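What you see is a predicted model; the values in this text were computed from it and never measured. For the numbers below, each heavy atom of this structure counts, side chains included, while hydrogens, waters and symmetry mates do not.
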Amino acid sequence: MCLVLDVLTSGAHAFLKILLNGSRLGFYEPFRHSFNSLFGQAPTAQIPFTSVLAGATSGAVGAALGNPLFLIKARMQVQLPSYNFTKRTLISNGILPEDSTWTFLASSSVSGACVLVCMQPADTALTRVYNQPTVIGPDGKSRGALYKNPIDCLWKTFKAEGVRGWYKGSTAHFMRIAPHTIITLTANDIIINFYKKAKYGPVDDDS
């Protein structure tokens, strides 16, 4: 019985992950094109503001579809815009070709680093808040002995350890998110290119 429950739980978790990440990636480009057109820009133009807006919107849709109780992470708001910006920079400067797997790998690696820089302080604060010892307050309720909340944790960590304290454990964090980011974004681009070639034939990406 326990094995059956474990299989069902794992299957449900995998389904939610597929729905969550799939919808985020799938809605990003349509949202970005729509926002670009809304602001009078070319649909395929890489504009930081509309890229971040599209990332946030697709993340919200993914969270709503995958799990209504799931907290919307800022990760996707950093991941997709930084990936597309890096890829366009590599291509426009002639560093790497447009359809090269190396272009996708390099762009997704930079994106993973950007996610680390932006998300590590929050992960550090949440980890310390969750793992801190608790005491019973005057009202009889349990509360953290060291930090009131993540913001209080960030401030106290900064005063005691400086900015470097926010990035403790960043190596382990990067080793955790880098494979996921590289595989997800690279596979997404490869699949999109296969789809475009199968449907439209070999055409330029910006056409």
Would you check if Ser51 and Asn84 make a side-chain contact, meaning some heavy-atom pair closer than 4.5 Å? no

Please report the C-alpha distance between Ser82 and Ser111 in whole Å, then the side-chain angles of each, then the deciding distance to 0.1 Å, and finally whether the side chain to side chain donor-acceptor pair (under 3.5 Å) criterion is met. CA-CA 5 Å; Ser82 60; Ser111 178; 3.1 Å; yes

For Thr186, the option from Ile183, Ile190, Thr184, Asn188 that meets side chain to side chain contact (heavy atoms under 4.5 Å, CB included): Ile190

For Thr181 and Gln79, what are the C-alpha separation, side-chain angles and deciding distance, and is it a side chain to side chain donor-acceptor pair (under 3.5 Å)? CA-CA 8 Å; Thr181 302; Gln79 191 177 77; 3.3 Å; yes

Minimum heavy-atom separation for Ser170 and Leu116, please, with both atom names. O-CD1, 3.6 Å

Heavy atoms only: give me the nearest Phe104-Glu98 pair and the separation to one decimal. CE2-O, 3.7 Å

For the rings on Phe49 and Phe39, is their centre-to-centre separation under 6.0 Å? yes

I want to check something: taking the side chain as every heavy atom from C-beta on, are Thr157 and Trp166 in contact at a cut-off of under 4.5 Å? yes

Counting C-beta onward and ignoring hydrogens, is there a side-chain heavy-atom pair between Val117 and Gln120 closer than 4.5 Å? no

Any idea which heavy atoms bring Ser109 and Ile182 closest together, and the distance? OG-CD1, 3.5 Å

Donor-acceptor pairs under 3.5 Å, side chain of residues 147-154 to any protein atom, not counting sequence neighbours: which ones?
| unit_1 | atom_1 | unit_2 | atom_2 | d |
| --- | --- | --- | --- | --- |
| Asn149 | OD1 | Ile151 | N | 3.1 |
| Asn149 | OD1 | Asp152 | N | 2.7 |
| Asp152 | OD2 | Lys148 | N | 3.0 |
| Asp152 | OD2 | Lys156 | NZ | 3.2 |

Is there a side chain to side chain donor-acceptor pair (under 3.5 Å) between Gln41 and Ser37 once you walk through the steps? CA-CA 5 Å; Gln41 303 294 326; Ser37 299; over 6 Å; no

List the residues meeting side-chain hydrogen bond (donor to acceptor under 3.5 Å, both in side chains) with Glu161, not counting sequence neighbours, and say none if there are none. Arg128, Lys168

Nearest heavy-atom pair of Leu96 and Ala106: which atoms, and what distance? CD1-CB, 4.2 Å

Over all atoms of both residues, closest heavy-atom pair of Leu90 and Thr103: CD1-O, 4.3 Å

With Thr89 via side-chain contact (heavy atoms from CB on, under 4.5 Å) - residues at least two apart: Phe85, Asn93

So, for Pro43 and Asn36, which heavy atoms are closest and what is the spacing to 0.1 Å? O-ND2, 2.9 Å

Evaluate the side-chain proximity of Arg143 to Thr134: yes if any heavy-atom separation is below 4.5 Å, no if none is. no

